[in-house]
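Chain A is the first sequence line, chain B the second, and so forth, proteins listed ahead of strands; every chain is numbered from 1.
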2 protein chains.
Amino acid sequence: MALRHAVLAALLDEELSGYQLTKAFDLGVANFWHAQPQQLYAELTRLEQDGLVTGREVVQDNRPNKRLFRVTDAGLAELEHFTALAAKPSFIRDDLLVKVQAADHVDTETLIARLTERSAFAQAKIDLFGRLLHTMRGDRTEEEFLRHGERIGPYLTCLRGLAFEHGNRDWCERAAAVLRERQGAHVRN
Amino acid sequence: MALRHAVLAALLDEELSGYQLTKAFDLGVANFWHAQPQQLYAELTRLEQDGLVTGREVVQDNRPNKRLFRVTDAGLAELEHFTALAAKPSFIRDDLLVKVQAADHVDTETLIARLTERSAFAQAKIDLFGRLLHTMRGDRTEEEFLRHGERIGPYLTCLRGLAFEHGNRDWCERAAAVLRERQGAHVRN
DNA sequence: GGGCTCATGTAAACTGTTACATGATTAC
DNA sequence: GTAATCATGTAACAGTTTACATGAGCCC
């Protein structure tokens, strides 16, 4: 049931609408959890029923009205309780790894194409996370910000996301290089 | 539907029983996919019905009989087809990141405890993956093995697993150190 | 005798994804 | 006018986890 806690954690800093949440949990942006819009709208409804968040209607001209949600004291207590539980170990579950596991049994060109795509995607996220981190720390150095900044949670999770995408990119490049070299060697034989 | 392809990829190297597969897909060992035993037994049944694997009964003394499965030509074709599809981007979905996102709103001691646990878990996997890699390459160097080894898929995925756990450990240590220092600074004020 | 490993499953509950639906405004 | 963005949902389906069930042999 971490989705509900992820939503609570996302609402700690600011009031957000369901729609704004979907942006934060989007694949392209998410640095600590990913979820579909439909999950988020449903979860917000449940969270409000359970009294862990409260919503208030904001009437807008030119745009549809929206409901902004914030975490209640009960919600904060729930998060505190969740944090005390042992975290489940996380694991990689990745299409691309399945494909690479089958290397030597599937077409090498195709595999290299997949690795190249992923590498580019990872690079895009590296750039994005770099910008995000810069925005959060402003003109302070990272050390300085982490020592004295008032809100470091999102910064720390973003650092993890950055390292993860670095790992992705470097591994994709390495694997593609290995496959290319073997292919070359084979052709020359 | 990557689970079925993960199972096919796992069966490429050797005939395995459902039980042996559950060991390979176990959290403690898995380096390219994770799944519950119940998923694997169900998937094997479906794969056999679809003709992508074949099972043969092995009668054992002292132990219950088992069924060993291997990939058919149709299964190999299915894997080839799967590899040609664009891989879905993978994302982190991790309890611990949710907890860290909420840092500054939840108890720091508790959070440090979670980070320390995860770090130890990651270290255990680092050790395990190191041993696994050594077993696969034998007395060859990594470069040598990746250039000329006959089966490099599992080696490459294991390298990814290793890098992932390195990332986990280093980040946990970093985050815990940051939180400890801030806590110290706060206490001294 | 109690707990662990081998070996395989069924069933229910929960979580996540995909498709469909609506409707106004803004940018090209 | 066509597509994108804002804004929120329902419903069906697919995938994952947890609980329950069975039974023999092995080790202490």
Set out, line by line, the N/O atom pairs under 3.5 Å between protein and nucleotides 17-21 of chain D.
{"unit_1": "D/dT17", "atom_1": "OP2", "unit_2": "A/Arg93", "atom_2": "NH2", "d": "3.1"}
{"unit_1": "D/dT17", "atom_1": "OP2", "unit_2": "B/Gln39", "atom_2": "OE1", "d": "3.3"}
{"unit_1": "D/dA19", "atom_1": "N6", "unit_2": "B/Gln38", "atom_2": "NE2", "d": "3.4"}

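Along DNA chain C, the nucleotide nearest to B/Pro64 and the one nearest to A/Met1 differ in position, and the one closer to the 5' end is contacted by B/Pro64.
Note: B/Phe82 and B/His5 have parallel aromatic rings, judged against thresholds of 30 and 60 degrees for the angle between ring planes.
Atom-to-atom, CZ of A/Arg67 to P of D/dA7 comes out at 14 Å; the value is rounded to the nearest Å. Rounded to whole angstrom, the span from the NE2 atom of B/His5 across to the C1' atom of D/dG15 amounts to 14 Å. Here the C1' atom of nucleotide D/dG15 and the CZ atom of B/Arg4 are 13 Å apart, to the nearest Å. At whole-Å resolution of the value, CD in A/Glu57 and P in D/dA7 are 11 Å apart. A straight line from CD of A/Glu43 to C1' of C/dT17 spans 15 Å, rounded to a whole angstrom. With rounding to whole Å, A/Leu21 atom CG is found 14 Å from D/dC6 atom C1'. C/dT15 atom P lies 20 Å from atom CG of B/Leu3, rounded to whole Å. For the pair B/Lys23 NZ and C/dA7 P, the interatomic distance rounds to 10 Å; values are reported in whole Å.
In this structure, B/Asn62 does not reach the D/dA24 phosphate: none of its side-chain N or O atoms is under 4.0 Å from OP1 or OP2. In this structure, B/Tyr19 reaches the C/dC6 phosphate: one of its side-chain N or O atoms is under 4.0 Å from OP1 or OP2. OP1 or OP2 of C/dG9 has not a single side-chain nitrogen or oxygen of B/Tyr41 nearer than 4.0 Å. Between D/dA7 and A/Gln60, a contact under 4.0 Å exists linking OP1 or OP2 to a side-chain N or O.
Proximity of B/Arg182 to A/Ile152: side-chain heavy atoms (C-beta onward) are separated by under 4.5 Å at one or more points. Side-chain atoms of B/Lys125 and B/Asn168, non-hydrogen and from C-beta on, never get closer than 4.5 Å to each other. For the pair B/Arg160/A/Leu97, a side-chain contact is recorded, criterion being any heavy-atom separation below 4.5 Å from C-beta on. At least one side-chain heavy atom of B/Leu179 sits under 4.5 Å from a side-chain heavy atom of B/Leu115. Inter-residue side-chain proximity for B/Asp94 and A/Phe32 is flagged as unmet; no heavy-atom pair is nearer than 4.5 Å. Between A/Gln183 and A/Ile112 there is a side-chain heavy-atom pair separated by less than 4.5 Å.
Nucleic acid contact for A/Ser17: sugar-phosphate only, since backbone atoms but no base atoms lie under 4.0 Å from a heavy atom of the residue.
Checked against D/dC6, D/dT8, C/dA7, the side chain of A/Arg63 finds its nearest nucleotide in D/dC6.
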